[in-house]
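Below: the structure, in structure tokens.
Throughout, a chain's letter reflects where its sequence line sits, starting with A, and its residues are numbered from 1.
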Amino acid sequence: MDDVKVIEIKKSIFEDNDRDADELRAELKRKGVYLLNLMSSPGSGKTTTLIQTINKIKGRIRVAVMEADIDGDVDAVKIKDATGIPSIQLHTGGMCHLDAEMTRQGLDNMPMDDVDLVILENVGNLVCPAEFDTGAVRNAMILSVPEGHDKPLKYPLMFSICDVVVINKIDVLPYFDFDMKRCEEYVHMRNPHAKIIPICARTGEGVDALADWLIEEVNNWKNQ
Amino acid sequence: MHELGIVFYIIRDVKKAALENGVEHVRAVVMNIGEVSTVVPDYLTDCWRWAADKEDMLRGCDLRCNIIPARTVCHSCNEEYPTVRFGRKCPHCGSDDTVLLCGNEVEIKEIEV
Ligand SMILES: Nc1nc2c(ncn2[C@@H]2O[C@H](COP(=O)(O)OP(=O)(O)OP(=O)(O)O)[C@@H](O)[C@H]2O)c(=O)[nH]1
Ligand SMILES: [Mg+2]
Ligand SMILES: [Zn+2]
């Protein structure tokens, strides 16, 4: 019988990704490009919110979008048709999230010299994307009213890494037992600094606050 | 889906470590998986079997999981307690000001060659 040799490794599987993400952020800083990572459950309104927001800011800053999905390209096409800005589709090859390496590959296909802001619509999922730093400057998520106000309790990691929590579909508040005050409380339990922006992406109500926050963020990133 | 993604990262790191050590075939990979890491060990080993057998270096290679118990410390009373049983609220003093000490690991501990 031949001997078994044990080689000690002791390495977190997130280690390489965390390093890639930091490198990507440093590079974005040098280029003066702001990357926002937008996450949510499937169907909470990421694409609709993006269309509304982009149409408000595209005259003030240069925006592009990367849509990440497991398959298909409907969202990239929808964004391009509704806003006219550059939008590309990334496929994750079956993976439930995007990592820093995949994000970089996506950015390599972007006109990086001609944009100020790239928004990444991550795969619809509240678990996996939270564990993988994409290299984005900030993380934002959308929680929609029908999902319920208790989500920050059930998906603590996602809420703890997000700088902004957009609460979408406030037009349907009368039909659900969603408690806005409790939701804000739960979000702040996970991240006391999180900014909460209630909107209705269908009508555009509240979207100005999101647009203004983004513009300010992008300007700070470029000038500091 | 999550576990399959993680398997791809394990394969990448194990292949890298094997090459660095001049190893041609790996017999087993031992993981440290925290109780609250969100990784389900059974799914992970299922995904591993499917993906590892596609790699020459890892054909037939087993994946074993050590489960690391999750422990939390309370900043109000400095006591420690098991996370899975009590969650975020300290069972000693009722405070919410608690921090996870361990149990979040998804780590390659060692490989057997
Ligand atoms: N009532 C209401 N419906 C909305 C609102 N925003 C989006 N929707 C609807 O919700 C559905 C999903 O919206 P999308 O924008 O495609 O959501 P998404 O998060 O991009 O979805 P995936 O990319 O598939 O995860 C669509 O039918 C939208 O019309 C809103 O503010 N109010
Ligand atoms: Mg979408
Ligand atoms: Zn205590």
| Roughly how far, to the nearest 0.5 Å, is CG of B/Leu4 from SG of A/Cys96? | 8.5 Å

| note | Separation between CD1 (A/Ile9) and CG (B/Asn21), nearest 0.5 Å, reads 7.0 Å

| message | Does B/Tyr81, at its OH atom, have more than 12 non-hydrogen atoms belonging to other residues, nucleotides or ligands within less than 6.0 Å? | response | yes

| request: Show your reasoning for whether side-chain contact (heavy atoms from CB on, under 4.5 Å) applies to B/Asp13 and A/Glu15. | output: CA-CA 10 Å; B/Asp13 286 352; A/Glu15 196 179 299; over 6 Å; no

| message | Using a 6.0 Å cut-off, check whether atom NZ of B/Lys15 has over 12 heavy atoms from anything other than its own residue. | response | no

| query | Which residues in residues 99-113 of chain B have a heavy atom less than 4.5 Å from any heavy atom of chain A? | reply | B/Val106, B/Glu107, B/Ile108, B/Lys109, B/Glu110, B/Ile111, B/Glu112, B/Val113

| message | Evaluate B/Arg12 against A/Ile13 for side-chain contact (heavy atoms from CB on, under 4.5 Å), listing each step before the verdict. | response | CA-CA 9 Å; B/Arg12 182 193 62 189; A/Ile13 60 141; over 6 Å; no

| field | Min side-chain heavy-atom separation A/Ile7-B/Val23 under 4.5 Å | value | yes

| query | Side chain, backbone, both or neither: which part of B/Asp96 has a non-hydrogen atom closer than 4.5 Å to chain A? | reply | neither

| request: For atom NZ of A/Lys29, decide whether the heavy atoms of other residues, nucleotides or ligands shown that lie under 6.0 angstrom number more than 12. | output: yes

| request: Start with the C-alpha gap between B/Tyr9 and A/Asn17, add the side-chain angles, then the distance that decides, and say whether side chain to side chain donor-acceptor pair (under 3.5 Å) holds. | output: CA-CA 9 Å; B/Tyr9 292 99; A/Asn17 186 61; 5.1 Å; no

| message | Other residues, nucleotides and ligands only: do more than 12 of their heavy atoms fall within 6.0 Å of NZ on B/Lys54? | response | yes

| So which heavy atom on B/Arg88 is nearest to which on A/Pro156, and how close? | NH2-CG, 3.3 Å

